[in-house]
Structure formats: structure tokens, C-alpha cells
Amino acid sequence: MRSGPDEALVQGLVHERCPHLAASLLVQRGITDREMAAAFFRPRIDDLHDPFLMADMLKAVERIEQALGDNERIMVYGDYDVDGTTAVALVYSFLAHYGNVIFYIPDRYTEGYGVSTQGIDHAEREGVSLIITLDCGIKAVDKVRYAAEKGIDMIICDHHRPGDELPAAVAVLDPKRADCPYPFKELSGCGIGFKLMQAFAQRNGIPFAELEPLLDLVAVSTACDIVPVNGENRILTKAGLDRLNNSPRPGLRTMMDMAGVKRRLDVGDLVFSIGPRINAAGRVEHGRQAVELLLAHDLQQAAAIGARVDGNNVQRQELDRDITREALEQIAAEPFLRDSWSTVVFSPGWHKGVIGIVASRLIERHYRPTVVLTESNGKAVGSARSVKGFDVYGAIEACSDMLDQFGGHKYAAGLTMPLENVPAFRERFEEVVRATLPPELRVPEELADLPIRIADITDPLVRVLRHMAPYGPANMRPVFLLAGVKDRGRARIVGEDHLKLELVQADAPGRAIDAIAFRMGRHLDLVRSGEVFSVLCTIEENQWNDRTIVQLNIKDIKPGVVRLQPVGTRSTERIDAA
């Protein structure tokens, strides 16, 4: 067994407000001295990078200045998901103060993802001479050329991987460009839009205070697009959450009320309560509706739009449930799918707006890279999701000769192909996955950061965990192994198969702590047996009726006492039976 975090570094961080366990967590995450800890716990807006470090930023700002100075009409064009709609709301709301600006969201079903000829044609009819794309456009080589033929310039703001050829736009803002020196590569699409507005403000003497009302949108996009919550994203998300919790815009306030969120929001609330409602507009009706909600001037206007958005979300949930059931039945019925290392399912009648969600649901049941396909406009269109550690975008790229188009990230992608290519794609994708997916990634691995005892769960530790937020990729909520515990005899099922517990340390049963294990009712007999067991858990603060209670959120339960086997580069721990 390898040793844990460097003890000398840990001791350098320990003080009365940072117990040893908390210091160990920080060292594991690369925070090795007090200066780094101060920067981590108190992210400052002043530490944002200069936006003009991004390739083509000056060109982009100068073209916007020219358009505003000449009273040209500008179209802000964005994708129909959370990232795209928040980005459009951000850039539109800021630039509209200075000139003639309209916005456009493509229809998911008639236009599909990204820049469309219909959108460019609409821009021409509206007298637009400059289009700013957000969260899309990095591969729109032909569409940029089409716009240029109509006398329309384009500025591309995207965060997806570029193709071999960049579009011949006035400016292409994407930190993932090979030639872009910008020091932080993982901004959301809305984050790129914010940097463009920051650069515009900086060059035109507009105080940063006028950008601050936009930060709530950046936080929502960063959380929901599942980009790393470190570096610049941590600064923007922390500031945006503060804005959301103190003075949210009417549209977000309305969604918070509809979701029943009464406490301070965190990243999880954005991902599971706010994001799905924004997405539902584009999935069920039209993404423009989400932008209108985010731009609402008062709560009365927001409530009227929000009621439709919430209704769309209910419909989205029903579609999600029905299509997931049909997809699981398809897997069970086809020997090829049952025995595969990957999942590729297709039905022409599935609703295009929820197939990405369904792909994630299928991974919960069959843990393997997954593509869900349906028919749209005579083509097979799909969404892909991946398992931890596997580059599904790369696997799709290896099948690119079968595709009309594709794009995305390591863990999520979209694709379009001729209907007749679906069977061959399924076989090729399976071949690629079998050749490139390491066997150890085929099984979901339960990981913990550190072992802990109930006695270690003190107010100073809980306070440090609170200030380690916002959590997300690259700064996940710490997971602990709590070994050798028993239930106090009050274990019961609550809600939809959730297990409610009150745990004590078997060898020191004096102190008890509340715990909840979502969808783990199957373990009721074990925890009621009186036998010792172990849990993987996070430590969270549950607010209820104006009271805050420390509670464990259980991720896994195993009988007996287990130990940790350190693995990986940051002493991430694997759970093994003792």
C-alpha cells in the first residue's frame, strides 16, 4: 500500500480552523501551502485572466465596435441547451444596451444543432450584418462561407474541439484552438461569451460592476455543461452562485420557486433543478422560450413564461421514462446488444429532445459507452454518453466515414448519419470500443478520498467542506470511507426506496449521525441485521425548517469492515474488502 498525502505538507496547512483531515484533502487536490489554500478558498474576480490573451479576441471586439458605431444589426446566435441559451441571454442583454441587437435559437427538430442555413437566411431577412455564435460554430466552415456570400460576417464563440479546418470567420474564439495561448481551456460556451463581453467592457471603459449581473448565467452554464470547476471556472461559479443567492434575475428566481428550492443554491441545484427546466424548453417546445425567461424584466413576466417551461419539464420527464423503458427492452431482446461492450440503440419514433438524457439513464443500468439514435428529417440523429475515463468523442471520430456530422466532448457527443448506416455504425462502434476501452473501465469503480470515523466529523471539518465548494468536475465533493458502523435500530425506507439510517461507530457507539442512502432500500436487511458494515459517503448539511443538520449521503454499502487501497496520482482510494 502506498502512503497517503505528504505528512509534512499536511502539517503545514493544519491550524485550529483546518483539522488534519481537511488539510489532507487539500494536499490530495494539489493545494500544498497556505497561499494556495487562500486562493482556493477565496477565489477573486481580480484573478480572472485578461480576455485579450484569447486568440482573435481583439479582432472580435473591434468588429463589434464597428457594428455598434455604424448602427449595424447584430444577431446573437446560440445552441438550444442550457449553455447556449444562457450564453445568448448574457451577450444579448449586455450588447442590447449599446446597439441594435436581436437573438436567434435554432429549432432542435427542423434545424438541428449548430449554425443552420435557416438561421443565416433569417439573419439576411432581418438585415443582420454580423452574427455572433455562442456554444456552436467551431466546425461551421460551410455555414460561415454561406453567410459571407450574403454579406454577413461571423464571430465564432465556442468551446468544443475544432476540426482540421477553422471557419473563415472574422474571429474564432475557442481556447481549444491549437494556436490559442489562453491559459484556461475549459470555459463553458457561456463563459466564452462572458470573456467577450469582459473584453468589450475593458476596451471601452465600462466598469466591471456592469458585468456582475451576468455572472448568475455563467454559473448556471458552468454547472450544467459539466465542465471542470477549477481555475477560472471556480472564480466565475463562486461569484455567480453568490449572485444567485442574493439577487437572482427574475427568470432564475421563478425556476428556483418552481423547483421548491428554499435554501442557498449550490451546483447540484443548478444541475438537477434549474438546468432541466431550461433544457426542457428546447427539448419539448423551443429554446427561444428559455432565453425569454432568462431575459424577463420582472417576476410577473417570468411567472407567465415559467409556467410553460415547467409544463414542458413535466412532459420531458414522461418522455424520458417511456423511452428509457423501450431502450432497455430493446437491449434485453437483442443478443448483440446484451453481449456488447457498448450500447447503440435506435428507434425512429423516439423524441429527439430527450435521447441524451436516455443515454445517461442506460449507462446507469448498463455501464458502457452509449449512443441513442432516432430519426429526424430523414436521418439518424443521436446523442452519445460515456463511462468514466473513456473518450466517446474519439470513438465516434473513428467512425466518421459513416457520419454526416458529429461534435462534442470526451464524455458527450452528438452525431448524424444516413439511416442505412445505423447497423454498420453499431458494429464499427463496438469494434472501436472493444479495441480501446481498458477492461478496468468497464466496471464502475467506487472511490473514496480518505477514511474517516464519526468522531472526526467536527464543526471545523464541516466548515472546511462547506468552503471547498463549489463542487464539480476537478473538484468533486470528497467521498469518505466510514468503516465498522452499525445502525442504531431505526433504519427504515422513506420515499421511493430511500434508506434512512442513524449510524454509530461499532467500537465507540456513543455518538450517532443521520444518514440517507438514495435508492438503496435493498440494503435494509443488512443494516437491520445488527452486523457491522461500512459505507462510502459524503458529508453534507441538510437544511430543513430553518434548521441545519449534518447528514451523511451514502454512495455505497458493504458488509463487514473494509479498508482503503490507495491508487492513482492524487492518492484517490479504492474500496477493498478486508
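All values below were derived from every heavy atom in this structure, side-chain atoms included, with hydrogens, water molecules and symmetry-related copies excluded. This one's a predicted model, so the numbers in the text were calculated from it and none came from an experiment.
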Rounded at 0.5 Å granularity, tell me how far [atom1] in [X] sits from [atom2] in [Y].
X      : Y      : atom1 : atom2 : result
Ile132 : Ile64  : CD1   : CD1   : 4.0 Å
Leu265 : Met255 : CG    : CE    : 11.0 Å
Leu252 : Ile278 : CG    : CD1   : 6.0 Å
Glu232 : Leu48  : CD    : CG    : 5.0 Å
Met54  : Phe184 : CE    : CZ    : 10.5 Å
Ser188 : Phe194 : OG    : CZ    : 11.0 Å

Is any NZ, NE, NH1 or NH2 atom of the basic residue among [X] and [Y] found under 4.0 Å from an Asp or Glu carboxylate oxygen of the other?
X      : Y      : value
Lys139 : Glu165 : no
Glu430 : Arg368 : no
Asp121 : Lys150 : yes
Glu375 : Lys352 : no
Asp401 : Arg428 : yes
Arg177 : Asp56  : yes
Arg161 : Asp391 : yes
Asp310 : Arg316 : no

Query raised in the report: Would Arg234 count as a cation-pi partner of Phe40, with NZ or CZ less than 6.0 Å from the six-membered ring centre and within 45° of the ring normal?
Result: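 Output yes; distance and angle both within limits.
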**Report entry** Output field: ring centroids His49/Tyr182 closer than 6.0 Å
**Finding:**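 Here the rings of Tyr182 and His49 have centres that are less than 6.0 Å from each other.
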Query raised in the report: When the aromatic ring centroids of Tyr411 and Phe390 are compared, is their separation below 6.0 Å?
Result: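 No, they do not, as the ring centres are separated by 6.0 Å or more.
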Report yes or no: does [X] contribute a side-chain atom to a donor-acceptor pair with the main-chain N or O of [Y] at less than 3.5 Å?
X      : Y      : answer
Asp269 : Asp266 : yes
Asp216 : Leu244 : no
Ser116 : Gly119 : yes
Tyr77  : Gly114 : yes
Asp83  : Cys190 : yes
Arg29  : Met476 : yes
Thr374 : Trp350 : yes
Asn204 : Phe200 : yes
Arg73  : Glu126 : yes
Asn475 : Met468 : yes

Looking only at heavy atoms, which two atoms of [X] and [Y] are closest? And how far apart?
X      : Y      : value
Ala259 : Ser273 : CB-CB, 3.7 Å
Thr85  : Gly287 : CG2-O, 3.7 Å
Val91  : Met197 : CG1-CE, 4.0 Å
Ile74  : Val128 : C-CG1, 4.4 Å

Taking atom [atom1] as the centre, does [X] end up with more than 12 heavy-atom neighbours from other residues, nucleotides or ligands that are less than 6.0 angstrom away?
X      : atom1 : result
Glu420 : CD    : yes
Phe272 : CZ    : no
Lys185 : NZ    : yes
Lys388 : NZ    : no

Between [X] and [Y], is any side-chain donor less than 3.5 angstrom from a side-chain acceptor?
X      : Y      : value
His159 : Asp135 : yes
Glu72  : Asn100 : no
Asn230 : Glu186 : no

Query raised in the report: Hey, mind stepping through Leu294 and Leu217 against side chain to side chain contact (heavy atoms under 4.5 Å, CB included) and telling me if it holds?
Result: CA-CA 9 Å; Leu294 294 171; Leu217 296 171; 4.0 Å; yes
**Report entry** Identified side-chain contact (heavy atoms from CB on, under 4.5 Å) partner of Asn233 from the options Val227, Val218, Asp225
**Finding:**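 The option that passes is Val227.
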Query - Side-chain heavy atoms of Val88 within contact of Ile105, under 4.5 Å - result: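 With C-beta onward as the side chain, the pair touches.
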Query raised in the report: So do Ser93 and Leu295 actually touch side chain to side chain, heavy atoms under 4.5 Å?
Result: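 Result yes, sub-4.5 Å side-chain heavy-atom pair found.
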Report task. Tell me, with the steps shown, if Arg145 and Glu149 meet salt bridge (Lys or Arg N to Asp or Glu O under 4.0 Å). Result -> CA-CA 6 Å; Arg145 191 178 298 122; Glu149 291 170 357; over 6 Å; no
Requested in this report: Determine the interplanar angle of the Phe425 and Phe429 rings, folded into 0 to 90°, and report it as parallel if under 30°, tilted if 30 to 60°, perpendicular if over 60°.
Outcome: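 It falls in the parallel class, under 30°.
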Query raised in the report: According to the interplanar angle, ranging from 0 to 90°, do the rings of Tyr393 and Phe406 count as parallel (below 30°), tilted (30 to 60°) or perpendicular (above 60°)?
Result: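 Tilted, since the angle between the ring planes falls between 30° and 60°.
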Requested in this report: Could I get the full list of ring pair (Phe, Tyr, Trp, His ring centres under 6.0 Å) partners for His122, not counting sequence neighbours?
Outcome: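 Listed in chain order: Tyr104.
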